[in-house]
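Side chains included, hydrogens not; waters and symmetry mates left out as well; all remaining heavy atoms used.
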Amino acid sequence: NSWHSWVCIPKLHGDNNTINVLSHMPPHLGEVNGHIGKIIQRNKFENHNRWPNIPVYIDLTEELAYALGLYVAEGSISHRENGEPNGTIGFCFNINETYYAQKAAEFFQSFGLAVDIRPRPSKTIVEVLASSVPLAWLLSSMCGDGSKSKKIPSEIMSAPFNIRASFLNGLLDGDGKSLSSTNLNSSRTLKVSSGHLAWQARTIMADMGHWNNVGQGIENNKQYYTLP
């Protein structure tokens with residue numbers, strides 16, 4: 001009356017250190033002199049915008065990987081009525097998480113974007129906002145759109161160990177909850193709405209030698225997944 005089940009976790013390895021931005025763009029955005037620009041005018045009211053601060057290829061550094069992890073945990077984009085990203089990108093943190101807010105601001109500034117930091121004491125949060133249409137498309141394509149569809153980018157999964165570790169640090173800093181408020185050295189539990197994200201994170205952790213199980217539960221009628 002007993003049984004055993006096994007899960008095979010793939011061994012990760014790779015040397016990817018570049019993001020091909022163009023591969024994540026919609027048909028009307030393309031390459032213009034090595035950067036992203038609008039190449040198709042879909043109606044007479046659209047401008048042929050250019051974004052010289054968004055190159056076709058981006059170096060995947062530890063700093064960028066950390067910011068992407070933080071985005072998967074706490075980031076979001078806004079949409080037009082037709083469902084397309086309208087360019088507004090935001091991070092939302094507890095009002096006391098000033099370090100993470102600064103990291104989000106630095107992420108935007110690395111692309112030459114103006115940053116709007118909005119503390120909201122009545123809600124005990126701080127929002128970090130910026131606007132860039134191609135960056136919004138990139139984040140939506142790479143990281144998923146909405147908490148239930150968030151994912152670890154394939155570029156991260158095929159990156160070297162140090163890049164994957166930096167991404168995981170960002171993800172845990174955003175969505176990791178300490179198991180003990182009195183033990184600063186205690187481990188953290190990842191709690192997310194995306195099952196796919198939880199299993200991807202487990203794969204990275206297993207590759208680092210940390211074996212754990214994906215748990216799940218329901219809170220306020222919403223499914224969640226945990227990874228200790």
With sequence neighbours left out, write down each residue that passes side chain to side chain donor-acceptor pair (under 3.5 Å) with [X], or none if nothing qualifies.
{"X": "Ser141", "result": "His24"}
{"X": "Glu62", "result": "Asn162"}
{"X": "Glu81", "result": "none"}
{"X": "Tyr100", "result": "none"}

Where at least one partner belongs to residues 106-135, residue pairs that pass ring pair (Phe, Tyr, Trp, His ring centres under 6.0 Å), sequence neighbours excluded: Phe91-Phe108, Phe107-Phe111
All pairs passing salt bridge (Lys or Arg N to Asp or Glu O under 4.0 Å) where residues 88-109 contributes a residue, at least two apart: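 Passing the test, one end in residues 88-109: Lys103-Glu106.
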Residue pairs passing the salt bridge (Lys or Arg N to Asp or Glu O under 4.0 Å) test where at least one lies in residues 146-158, sequence neighbours excluded: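 Non-adjacent pairs meeting salt bridge (Lys or Arg N to Asp or Glu O under 4.0 Å): zero.
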Check side chain to side chain contact (heavy atoms under 4.5 Å, CB included) between [X] and all other residues, then give those that pass, not counting sequence neighbours.
{"X": "Asn169", "value": "Tyr66"}
{"X": "Thr88", "value": "Ser78, Asn86"}
{"X": "Asn17", "value": "none"}

side-chain hydrogen bond (donor to acceptor under 3.5 Å, both in side chains) contacts in which one or both residues fall within residues 124-140, not counting sequence neighbours: Arg120-Glu127
Under 3.5 Å, side-chain donor or acceptor atoms of residues 220-228 against the rest of the protein: list the pairs with distances, not counting sequence neighbours.
from   : atom 1 : to     : atom 2 : distance (Å)
Gln223 : NE2    : Gln216 : OE1    : 2.9
Gln223 : NE2    : Gly217 : O      : 3.4

